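Since the structure comes first, as structure tokens, the remarks are kept for the end.
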There are 2 protein chains.
Amino acid sequence: MALSQSLEDYLEQILITKMEKGVVRVKDIVERLGVSSASVVGALQHLEKDGLVRHERYGYIELTEKGKKRARCVYSKHSAIMRFFTDVLGIPPEVAESDACSFEHFISPLCFQRMLLFMRFALEGKKPAWLEEFHRFIEKSGKGNGKKTERKLKGGRC
Amino acid sequence: MALSQSLEDYLEQILITKMEKGVVRVKDIVERLGVSSASVVGALQHLEKDGLVRHERYGYIELTEKGKKRARCVYSKHSAIMRFFTDVLGIPPEVAESDACSFEHFISPLCFQRMLLFMRFALEGKKPAWLEEFHRFIEKSGKGNGKKTERKLKGGRC
DNA sequence: TAAAAAAGTTAGGGGAGGCTAAAATATGGC
DNA sequence: GCCATATTTTAGCCTCCCCTAACTTTTTTA
């Protein structure tokens, strides 16, 4: 059963709110996703029809078993991609977070599996010498500090 | 000037067709993107209004300088992401292609820059021992061959 | 406990970006 | 040169997903 990127986001935020607060209301999702409450209600109706969510009028939002499974699937991708970006590529959490938010919806199973494999290879146990070296390599290439990066971006293709 | 994912795709395919065939017609884009010709015409009108494309009725499609720049920007991201997936993560080209097609629209400048840096670090010159080792690691984890992977996917989270 | 505030819902609308069907224009075969 | 076919364009429609405004229900507060 396919789900749009948008509905996956709702599902994921319901899961996260549940984990953080214990209960989930429309308002929580409004705040987390920055959409109107009307949009949240609309999405909930759709998710309820698909059997992913339970929601009584004016009550709490609950994930069904099916919904929980789907939400965890999205969230686990999010977390893994996030970790790959921060721990391997050395990207600061805020940026990694926003990239992960997009990629989680599109990444293929194989690509996801390879990222996991790469992390098992590179991050399990002691940090290997080559990864240390790469992180020093980042430092060196970024020294300047602001000026150089700025010029680079202007001169480059993108 | 922001451009939707969809319009970036049109722009990119115009560039690629131009490179491969020398001239670009509506039909080429219809075939490459798998959309109707009406959709292509609609997109062209939008791109023309933004000064990214020139197009006379029933004639060839041309990129303006501005359009070329934008298209190259998307395409260069596509190529780099593609290369990262195939050469670092060892993902087969068809899968990498499809992942790159999504990521190219969302990747942040910093994340893109780090991928480039990682490739310079890992792929410039002779293939380093640790990368060789990772690629053997993939082989090992994937031996089985179909059966094992199948079971793994079923048992796993996603 | 009644009024005010907050939260949730419904109704209606708009833009983006697809589609089909039909009309207009170009092109190739005879 | 003329007709058949291919290509392009227009018109009109649909879905998705967001919005605002108005209304209902719940919660808080005086």
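The structure displayed is predicted, hence computed values, not measured ones. Protein chains get the first letters and strands the later ones, always in sequence-line order, with residue 1 at the start of each.
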Just checking [X]: base, sugar-phosphate only, or nothing, at a heavy-atom cut-off of under 4.0 Å?
{"X": "A:Y60", "value": "nothing"}
{"X": "A:S37", "value": "base"}
{"X": "A:H55", "value": "sugar-phosphate"}
{"X": "A:Q45", "value": "sugar-phosphate"}
{"X": "A:S36", "value": "base"}

Within the supplied structure, the quantity of interest is the number of heavy atoms (other residues, nucleotides, ligands) at a distance under 6.0 Å from A:Y75 OH; does it exceed 12? no

Tabulate atom names and distances for all N/O pairs under 3.5 angstrom spanning the protein and nucleotides 25-29 of chain C.
residue, atom, partner, partner atom, Å
C:dT25, O4', B:Y58, OH, 3.4

For residues [X] and [Y], report the shortest heavy-atom separation together with the two atoms involved.
{"X": "B:R114", "Y": "A:L89", "value": "NH1-O, 3.1 Å"}
{"X": "B:V74", "Y": "B:H105", "value": "CG1-CE1, 4.5 Å"}
{"X": "B:A122", "Y": "B:L131", "value": "O-CD2, 4.0 Å"}
{"X": "A:I61", "Y": "A:R25", "value": "CD1-C, 3.7 Å"}

Please determine whether a side-chain nitrogen of the Lys or Arg among A:E65 and A:K68 lies less than 4.0 Å from a carboxylate oxygen of the Asp or Glu. yes

Gap between atoms CD and C1', on A:E56 and C:dA7 respectively (whole Å): 16 Å

Can you give me the first and the last nucleotide of DNA chain D (5' to 3') that has an atom within less than 4.0 angstrom of a non-hydrogen atom in chain A? D:dC17 to D:dT26

State which residue, out of A:F137, A:F134, A:F84, fulfils the ring pair (Phe, Tyr, Trp, His ring centres under 6.0 Å) condition with B:F118. A:F134

Under 4.0 Å between a side-chain N/O of B:S39 and OP1 or OP2 of C:dG17, yes or no? no

Does the side chain of B:S4 get closer than 4.0 angstrom to OP1 or OP2 of C:dA16 through an N or O atom? no

Please confirm whether the ring centroid of A:F103 lies under 6.0 Å from the ring centroid of A:F85. yes

B:A38, nearest nucleotide to its side chain (from C:dC19, C:dG17, C:dT9): C:dC19

Testing the 3.5 Å rule here: is there a donor-acceptor pair between the side chains of B:S108 and A:D99? yes

